[in-house]
Engineer: 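There's a structure below that I have some questions on.
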Amino acid sequence: MYPASPRLGRAHLGASTFFASAHPSESCGSNGLPLTPNSIRIYGQARALQLINHPHLCSYVDIHRGKHERIMVIQEYYLLNLRVAAQKYPEMRSPQGLARLAHQVVQGLVYLNNFGTVACTLSPENILIDPRGQAKLYNYGLYYMTEAGTSVSFPLGTVQYTAPEVLLMQAGSQEGGGGVTGATVTGNPVWDVWSLGMVLAEILLGCTFFSGCKDMEELVGEVLSLALSPNPLQHLAQSHNACHSLEGLPGELKDFVSLCLTVGPSERPVPRSLLSHRLLQPFILSASLVPVHPHFPVVDPSLCLIDFAHFKAKFSMMENSGPTLTDYPLHAETEASLEFPKDSTKPRLKRDQLSERSMREVYHLWQLAGGNVEQELKKQKLIKIKPSILTLPSVMVVEGEVFGGDISHSQQLEATTIVLPLHTLRSRLAHIPPEKYYPLITQGESGTDELETSQLPLVIRERDVEYQLHRLLSFQRLLQAYPHKGDSILKEARKDTPPFYRALVWAALLNVDGAVAHTYQQIDKETPTPTDRQIEVDIPRCHQYDELLSSPQGHAKFTRVLKAWVVSHPHLVYWQGLDSLCAPFLYLNFNNEALAYSCLSRFIEKYLHKFFLRDNSAIIQEYLAKFSHMIAFHDPHLFNHLDNIGFIPELYAIPWFLTMYTHVFPLQKIFLLWDTLLLGEASLPLCVGVALLRQLKDRLLQFGFNECILLFSDMPDIDMERVVRESVQVFCSTPRSVTFRQHERPRPDPSQASPAHNAAQAGQQDLVMDGVSLPELKREKCPRVCGADLLELLAHKRSHSGRAKVLVVDVRSPEEFARGTLADAINMPADTSLGPDGTLLMGPQMEVLSSYRGKIIAVIGSRNGWDQVVKFAEAILVQEFPRVCTLHKGVEVFRASGALMVPS
Amino acid sequence: MAQRTSVQRPSGGGQGKICQFKLVLLGESAVGKSSLVLRFVKGQFHEYQESTIGAAFLTQTVCLDDTTVKFEIWDTAGQERYHSLAPMYYRGAQAAIVVYDITNQDTFGRAKTWVKELQRQASPNIVIALAGNKADLANKRMVEYEEAQTYAEENSLLFMETSAKTAMNVNDIFLAIAKKLPKSDNSATGSQREGMTLRPSDPTPGPAGCCK
């Protein structure tokens, strides 16, 4: 999102499609793995193009992969291109108009060069003209996304406008199927300068070059012959009988075009140096020529004064409302009737709110409203469906190579772009009043509260256009106000997280702040380390079903982020599983490694504190022991079964917690889970584990050891929404001290802490939970609760006259009990209530105990009689009493607090 | 392409004795431990087999003459850091497959370390097999067949080069282990039965029994 995708304005969303070249079947790379399909290479590579944001470059909105290596690209699009515009509007072909055009194109090219690539596709068809007459380069990303054309089988540019040296180069490298080398090719910026020269020359001379050529060979010959001429412009004029057009031209323009058409690539100027040409002097820059790196938290850099050119440009653009071109072509079906009443050339005053939204947002909403690019392309016959019988191969050899059965991948780039119709989306949103587009976040206005949809299940909310629009509107504003509005983001995210902004919402929930990009940039991600081999073997098998993470770009980013984390956390180490943990952040922040890294670091600090220590066994053992206690606390039936068959968490839950379930579930499920996980405390993952087991309870109860462990070796399908819901319930019904871990990260802010902490401040150390040795933890089956939590539960009981939440069972002798106990406690002396084998005997208090089944049962005893407490708790656990816990450090902790009283 | 004739699902072999054995796979990460098990148990191969964290568990039954042998297979994490968990899995195992990657000399060195550790710390009569995996990448071979074979002979290990991808020798190595394992009734008693537990500290017999 940041830098923000440009707003839709008067642009259309255009879709085009082409095929990546297919690898011969069964071919493998040097590591024995199959070669990455070229469409995946392109998919990963093209992602970065979404960062391009310049007024003279059409934005890349999205990219999809289809069947048979098909790529579908969605770009900002205008119905008018330079070829048509130059014919239609005299002002476009006037010397002044051409100079302005040249200036705009050159700016686009310089920006691209600064971005690290070249266009290589410059032609009058690929220079679009927007309704205000501004030039916008189109399809300029092909060279970048296809890695210099190596992953497609067609030539990138249009021959007429391609620089001679490029043609010669292609002739040399055309053979031998590309895409394998994988080197990032930056290209030579002067190629585009030649193309610009040709485009301008054609308009100057008022003709179409080489239109008489019969075939490609002849055409290439013509272009190459230009390279032999000392003055290509003159040569062109002569061969097209247009010398007269040259004569009346201003010298500057003629000089500029001649300069562009310098034959020798080393003498030809690069776009940057063209900017200082006399011809372009009268014009000011439209915008900064330096790509803005994505950043978070959001401070709109366009408002900063650092880049003066940008600042100046910002104002000139604002005022550059300029006249609209008359008779600008309208889209047939058309949104235009909304904007251009027939009798007027001026747009109506009523503003179309959708055009104020960013293109990516509009595209996202368009998809939610049922839009599907592949369908649109099929409708317009850009994707032709052949009966599958016709695509069967006629011969197939043993190695898997096929012949015949033409899938007819076009050898040329299909130049047609179709316009995605937005009228369905517009009509779906037509009833929303304009003020709703500007929610007042300071007053907590969220726009969704009055919608019926807000009560429906998440799957429906996530796919509802109107609901999502409101979510986007609120979140966009809140995120812009982050970190100031951090609390509101948390509040809104509790309702749900809109997938469109998930990356940033997560970053906000993790309190990412500060010089994120700068910090990341400072980390050495290149120097080899001993961990490299492990990272290198883990990445190619981490969530590789995902096309983004399996692309070469994905692997490279993965490596950098992981290496950065390892290098910058010297006290921690890479444990297998860190790769999986990184995957969701990388997927969401594919264009912002720095943010992925920051989120990962923050996440580990909060949820996996000390888990990645070189020796983490104490931490993991404590975690698993607490997990075991949680199972006993919430589901004694299941706990007893698993305990009997020896199915202990050590055998199955390590990957659950070490990777916070990222090694267990596919990304889409993880998103759902983490949307909630990130809202909660470090103990929430334990609750998720309990919810998971309970969802599989029926099966687990029937299974023996082998079947149980097989079940988890291959995780069955899980209803994640249910897990999320239940884990929150589990969390809410668990006293905090039950999930206390001594290796947990100390809670940073004591003012928000639980009563336990307040008690600590009051000096009542005994009432709070503290560390218990690992052997003790593992020996006990029921969790311990601290005095403060117990007092709070009891207080809660008194304030609400209804049913009590907790039953206190005092297991000391009747004499000790009579000397003072907690209010409403019952006395079940362990000596007389338990049989010699530790089973519970029927006694007078059994009835009371049974009536509290389902409530929290706190077993208390004296510090010296701890074994009795544990034994008693386990005896009632065997009776499948849920929520049994023991009082940490015994009844003595209440001595100072005055909570003990003589039972009546 | 897999020679699956001798491998059958549990329902396949009805008559004769049924023996259960605990088998553990050890070796450097990314040598193909999980892939070997997956090929053996399900006849599948995934190019992008996920890494194993902690350990995974699978079972498979093979028929050997009139005996049905059920393998309970513990597939362990390869990363050196997970080493401390390994004893939990190889303790009480009757068989182990130590895997290396024939295209990577370091993994062979690591395999030798595992063999040493097993000889020192696992049950004394554990059957150890050495598997040189990724044999389909023979053109990138870094560990010579003879070198590994000599090593295996010196240490009386079963040895085969395998390929989980092409299924070469995968069933064979498990069958060879099954043949070598003692299947007499008395193997179910005594020291071997002890230590079949999965809990490091708990002496009660675990779920993996022996011949029944």
Side-chain angles (χ1 to χ4, degrees), chain A residues 28 30-34 530-531 533-534 536-546 549-550 573-580 612-617 620 645-659 662-664 704-714 775 778-779, chain B residues 20 28-32 34-35 37-38 41-42 46-59 70 72-75 77-82 84-85 88-89 101 103-104 106-107 133-140 163-165 196-202 204-209:
Chain A
C28 284
S30 58
N31 53 0
L33 292 174
T531 313
R533 195 250 162 197
Q534 192 65 50
E536 193 190 323
V537 299
D538 284 346
I539 287 172
R541 42 195 187 144
C542 181
H543 291 279
Q544 292 298 294
Y545 54 86
D546 180 73
L549 297 184
S550 64
V573 296
Y574 178 90
W575 281 83
Q576 266 187 318
L578 187 73
D579 49 335
S580 302
F612 290 92
L613 283 175
R614 196 172 299 277
D615 180 7
N616 60 5
S617 67
I620 292 194
I645 60 172
F647 186 61
I648 51 174
E650 274 86 343
L651 295 173
Y652 62 93
I654 292 176
W656 292 12
F657 298 124
L658 186 72
T659 70
T662 51
H663 196 73
V664 189
F705 177 87
N706 278 2
E707 291 86 354
C708 279
I709 198 134
L710 279 175
L711 185 69
F712 285 133
S713 287
D714 202 359
K778 293 177 91 164
R779 200 165 49 235
Chain B
Q20 282 196 55
E28 179 62 271
S29 59
V31 295
S34 304
S35 294
V37 179
L38 191 71
V41 173
K42 297 187 180 167
H46 297 162
E47 302 278 5
Y48 305 103
Q49 178 66 39
E50 291 158 12
S51 57
T52 307
I53 292 175
F57 178 83
L58 287 155
T59 61
K70 183 174 182 190
E72 296 180 335
I73 305 165
W74 286 94
D75 171 25
Q79 193 189 9
E80 170 61 25
R81 297 196 198 293
Y82 285 97
S84 59
L85 290 177
M88 178 156 90
Y89 301 109
D101 170 358
T103 70
N104 185 327
D106 293 345
T107 64
N133 196 32
K134 307 199 187 177
D136 52 295
L137 298 178
N139 56 343
K140 314 192 96 85
S163 165
K165 186 170 177 176
M196 244 152 265
T197 166
L198 291 154
R199 268 194 229 206
S201 53
D202 191 336
T204 52

Engineer: Which atoms of B:Thr52 come close to chain A, meaning under 4.5 Å heavy atom to heavy atom: side chain ones, backbone ones, both, or neither?
Structural biologist: backbone

Engineer: To the closest 0.5 Å, what do you measure between OG (B:Ser35) and CG (B:Asn133)?
Structural biologist: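 Here the rounded value is 7.0 Å.
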
Engineer: Would you check, one step at a time, whether the test salt bridge (charged side-chain N to carboxylate O under 4.0 Å, His left out) holds for B:Arg81 with A:Asp615?
Structural biologist: CA-CA 8 Å; B:Arg81 297 196 198 293; A:Asp615 180 7; over 6 Å; no

Engineer: Between B:Ser29 and chain A, with a heavy-atom cut-off of 4.5 Å, which part of the residue counts as in contact: side chain, backbone, both or neither?
Structural biologist: both

Engineer: Pick from A:Trp575, A:Phe712, A:Tyr545, A:Tyr652: which one has the most heavy-atom pairs with chain B under 4.5 Å?
Structural biologist: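 Ranked by contacts with chain B, first place is A:Trp575.
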
Engineer: I'd like to know if A:Asp538 pairs up with A:Arg533 as an ion pair, taking the criterion as any Lys NZ or Arg NE/NH1/NH2 lying under 4.0 Å from an Asp or Glu carboxylate oxygen.
Structural biologist: no

Engineer: For A:Thr531, give me all partners under side chain to side chain contact (heavy atoms under 4.5 Å, CB included), at least two apart in sequence or on another chain.
Structural biologist: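 A:Thr531: side chain to side chain contact (heavy atoms under 4.5 Å, CB included) contacts with A:Thr529, A:Ile535, A:Val566, A:Tyr574.
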
Engineer: Any heavy-atom pair between the side chains of B:Thr59 and B:Val41 that's under 4.5 Å?
Structural biologist: no

Engineer: Where on A:Asn616 is there a heavy atom nearer than 4.5 Å to chain B: the side chain, the backbone, both, or neither?
Structural biologist: neither

Engineer: With sequence neighbours excluded, tell me which residues meet side chain to side chain contact (heavy atoms under 4.5 Å, CB included) with A:Val664.
Structural biologist: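 Per chain and number, A:Val664 pairs via side chain to side chain contact (heavy atoms under 4.5 Å, CB included) with A:Trp656, A:Met715.
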
Engineer: Considering only heavy atoms, which portion of B:Asp101 lies under 4.5 Å from any heavy atom of chain A: side chain, backbone, both, or neither?
Structural biologist: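 Contact with chain A involves no heavy atom of B:Asp101 at all.
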
Engineer: Non-hydrogen atoms of chain B under 4.5 Å away: do they reach the side chain of A:Gln544, the backbone, both or neither?
Structural biologist: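 For A:Gln544, the contact with chain B is made by the side chain alone.
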
Engineer: Among B:Ala56, B:Gly78, B:Ala30, B:Ser84, who wins on heavy-atom pairs under 4.5 Å with chain A?
Structural biologist: B:Ala30

Engineer: Could you have a look at A:Ile654, A:Val573, A:Val537 and say which one has the most heavy-atom pairs with chain B under 4.5 angstrom?
Structural biologist: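 Heavy-atom pair counts peak at A:Val573.
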
Engineer: Checking side chain to side chain contact (heavy atoms under 4.5 Å, CB included) against B:Tyr48, which of A:Ser550, A:Cys542, A:Pro34 comes through?
Structural biologist: A:Pro34

Engineer: Chain A heavy atoms under 4.5 Å from B:Gln49: which part of the residue, side chain, backbone, both or neither?
Structural biologist: backbone

